[in-house]
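Following: one structure in structure tokens, then a few remarks.
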Amino acid sequence: MTKLKIAIQKSGRLNDDSVRLLKDCGIDLKNGVNKLKTEADNFPMEVYFLRDDDIPQYVEDGVADIGIVGENVVYEKNKDIGIIEHLGFGKCRLSIAVSRTEQYTGIAYLDNKRIATTYPVIVQKFLDENNINAEIHEISGSVEIAPGIGLADAIVDLVSSGSTLFMNGLKEVETVLRSEAVLVHTSGLSAEKKQILDKFLFRIRAVKKARNNKYILLNAPNDRLQQIISLLPGMKSPTVLPLAEEGWSSVHSVLSENEFWDIIEKLKDAGAQGILVIPIEKMIL
Ligand code: ATP
Ligand code: MG
């Protein structure tokens with residue numbers, strides 16, 4: 001039987017969320033004895049656990065058909081692979097940082113400076129686009145200590161909260177790239193594998209939508225019903241059911257995470273009571 005081969009990070013920041021995504025898509029992995037490779041019990045899929053740096057190459061070569069990896073790695077490795085879907089986790093930015101004591105005046109500051117990074121390809125492209133001449137020092141880790149030990153004047157590194165930079169006496173001065181985990185694919189998948197990929201994508205999109213939305217139930221006095229309904233977007237329009245108690249209705253709808261708190265407050269002000277909010281597992285529109 002044909003199986004779709006997916007490469008995910010073996011351990012590290014993307015591992016948990018990648019495994020969780022498969023699980024939420026209803027794909028159960030066998031508890032493999034072999035930690036390099038496992039397969040799904042209930043979906044035609046084989047899972048390879050790899051270093052994230054190696055995933056683009058494996059996908060280009062077709063050793064894996066698809067993979068989950070940060071956009072930062074995709075752009076740095078520059079392989080012949082395509083991005084199919086943004087996955088909404090592993091969010092970070094690739095930023096330029098300099099010592100907190102430096103006066104940073106703008107990108108021109110970097111002219112003729114030394115920049116330490118593990119992302120030489122992306123950094124060179126950024127410098128070229130901004131007409132900056134700087135010397136890139138490629139190092140493989142602990143980039144944040146480079147300015148302190150006199151190896152570089154600036155660094156380009158991944159940042160999420162900024163606390164690592166802060167602890168090393170650095171300040172973030174420029175964003176080179178915003179990144180999140182993406183699903184990538186090899187070129188030239190067989191028709192059979194494309195079919196499996198389409199099924200997988202359908203599930204991923206249902207899971208992503210569900211994660212961004214909440215199911216909401218509330219009780220409304222009938223004389224306020226119209227006002228309350230007008231506050232709710234709903235997939236089509238909200239469901240309204242009569243309560244056993246005369247003069248009251250139960251209203252059901254779906255709210256997106258972004259507008260959630262805003263709308264809840266307005267609903268309360270409009271007279272809604274007993275508001276229940278429930279996570280949605282899958283959402284198919
Ligand atoms: P591997 O052993 O697989 O090579 P790694 O040490 O290169 O792992 P991780 O630190 O686990 O990689 O990060 C994996 C990916 O997680 C990054 O490439 C990036 O896309 C994403 N990421 C999200 N937030 C951060 C962050 N604050 N710092 C670093 N990476 C982050
Ligand atoms: Mg890596």
Side-chain angles (χ1 to χ4, degrees), residues 1-74 79 81-92 160 179-216 235 254 256-257 276-285:
M1 189 178 67
T2 306
K3 293 189 172 178
L4 190 69
K5 293 176 287 181
I6 184 171
I8 65 174
Q9 196 189 20
K10 183 176 165 63
S11 63
R13 292 171 194 268
L14 299 182
N15 172 266
D16 275 358
D17 285 329
S18 303
V19 172
R20 185 169 313 120
L21 179 66
L22 295 181
K23 196 167 184 295
D24 289 353
C25 287
I27 299 171
D28 297 327
L29 303 186
K30 285 205 173 92
N31 275 333
V33 225
N34 182 351
K35 279 282 284 177
L36 265 179
K37 197 176 113 178
T38 187
E39 51 188 67
D41 283 327
N42 54 358
F43 194 77
M45 180 176 271
E46 230 168 50
V47 184
Y48 291 75
F49 298 97
L50 300 169
R51 288 278 313 269
D52 70 343
D53 313 70
D54 297 334
I55 291 176
Q57 182 73 61
Y58 278 104
V59 172
E60 182 183 80
D61 294 345
V63 174
D65 301 308
I66 57 174
I68 296 179
V69 69
E71 286 174 283
N72 52 305
V73 175
V74 175
K79 301 289 177 192
I81 55 178
I83 293 179
I84 324 173
E85 185 84 6
H86 284 69
L87 300 175
F89 59 83
K91 289 192 178 165
C92 57
S160 48
S179 176
E180 67 182 89
V182 288
L183 190 71
V184 294
H185 70 109
T186 188
S187 54
L189 278 181
S190 69
E192 246 179 325
K193 286 188 172 177
K194 265 200 191 112
Q195 246 180 17
I196 306 172
L197 177 58
D198 281 345
K199 271 192 189 168
F200 182 41
L201 266 178
F202 178 79
R203 295 187 187 190
I204 289 179
R205 288 174 184 150
V207 168
K208 271 174 63 184
K209 279 203 195 87
R211 285 179 181 173
N212 289 330
N213 287 279
K214 297 272 184 273
Y215 192 79
I216 169 170
M235 279 196 274
V254 171
S256 88
E257 195 78 76
L276 295 182
V277 178
I278 301 167
I280 300 172
E281 194 178 288
K282 309 280 187 301
M283 199 162 147
I284 294 134
L285 298 181

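All residue numbers in this chain count up from 1 along the given sequence. Everything numeric here is computed off the predicted structure, so don't read it as measured data.
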When you compare the side chain of [Y] with that of [X], does any pair of heavy atoms fall below 4.5 Å?
X     : Y     : result
Leu14 : Ile8  : no
Lys79 : Val59 : no
Pro56 : Val73 : yes
Val47 : Ile27 : no

Nearest atoms (heavy-atom pairs only) where [X] meets [Y]:
X     : Y      : result
Ile68 : Ala181 : CG2-CB, 4.3 Å
Ile66 : Leu197 : CG2-CD1, 4.0 Å
Ile55 : Leu50  : CG1-CB, 4.1 Å
Lys91 : Ser160 : O-CB, 4.2 Å

Rounded to the nearest 0.5 Å, what's the gap from [atom1] on [X] to [atom2] on [Y]? Could you check?
X      : Y      : atom1 : atom2 : answer
Leu4   : His185 : CG    : NE2   : 11.5 Å
Leu276 : Tyr215 : CG    : OH    : 10.5 Å
Asn31  : Asp28  : CG    : CG    : 10.0 Å
Ile196 : Leu201 : CD1   : CG    : 12.5 Å
Ile83  : Ile81  : CD1   : CD1   : 7.5 Å

Query raised in the report: Which residue pairs pass the salt bridge (Lys or Arg N to Asp or Glu O under 4.0 Å) test when at least one of the two sits in residues 197-208, sequence neighbours left out?
Result: Glu85-Arg205, Glu85-Lys208

Mind listing the side-chain donor-acceptor pairs of residues 277-284 below 3.5 Å, one per line with the distance, residues two or more places apart or on another chain?
| unit_1 | atom_1 | unit_2 | atom_2 | d |
| --- | --- | --- | --- | --- |
| Lys282 | NZ | Asp24 | O | 2.9 |

Requested in this report: Report the residues that fulfil salt bridge (charged side-chain N to carboxylate O under 4.0 Å, His left out) with Asp61, sequence neighbours left out, ordered by chain and then residue number.
Outcome: none

Requested in this report: Check whether any side-chain N or O of Glu71 sits under 3.5 Å from a backbone N or O of Glu180 as a donor-acceptor pair, and report yes or no.
Outcome: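 At least one qualifying donor-acceptor pair exists.
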
Query raised in the report: side-chain hydrogen bond (donor to acceptor under 3.5 Å, both in side chains): which pairs involve residues 2-19, sequence neighbours left out?
Result: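 Qualifying pairs: Thr2-Glu192, Lys3-Glu39, Asp17-Arg20.
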
Mind checking side chain to side chain donor-acceptor pair (under 3.5 Å) for [X] and listing every partner two or more places apart, or none if nothing turns up?
X      : answer
Asn212 : none
Asp65  : Lys193
Glu46  : Tyr48
Ser179 : Asn72

Query raised in the report: Take atom CZ in Phe200; do more than 12 heavy atoms of anything else shown fall under 6.0 Å from it?
Result: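 Yes, CZ of Phe200 has more than 12 neighbouring heavy atoms, counting only those of other groups under 6.0 Å.
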
**Report entry** Met45/Ile6 under side-chain contact (heavy atoms from CB on, under 4.5 Å): CA gap, chis, key distance, verdict
**Finding:** CA-CA 7 Å; Met45 180 176 271; Ile6 184 171; 3.7 Å; yes

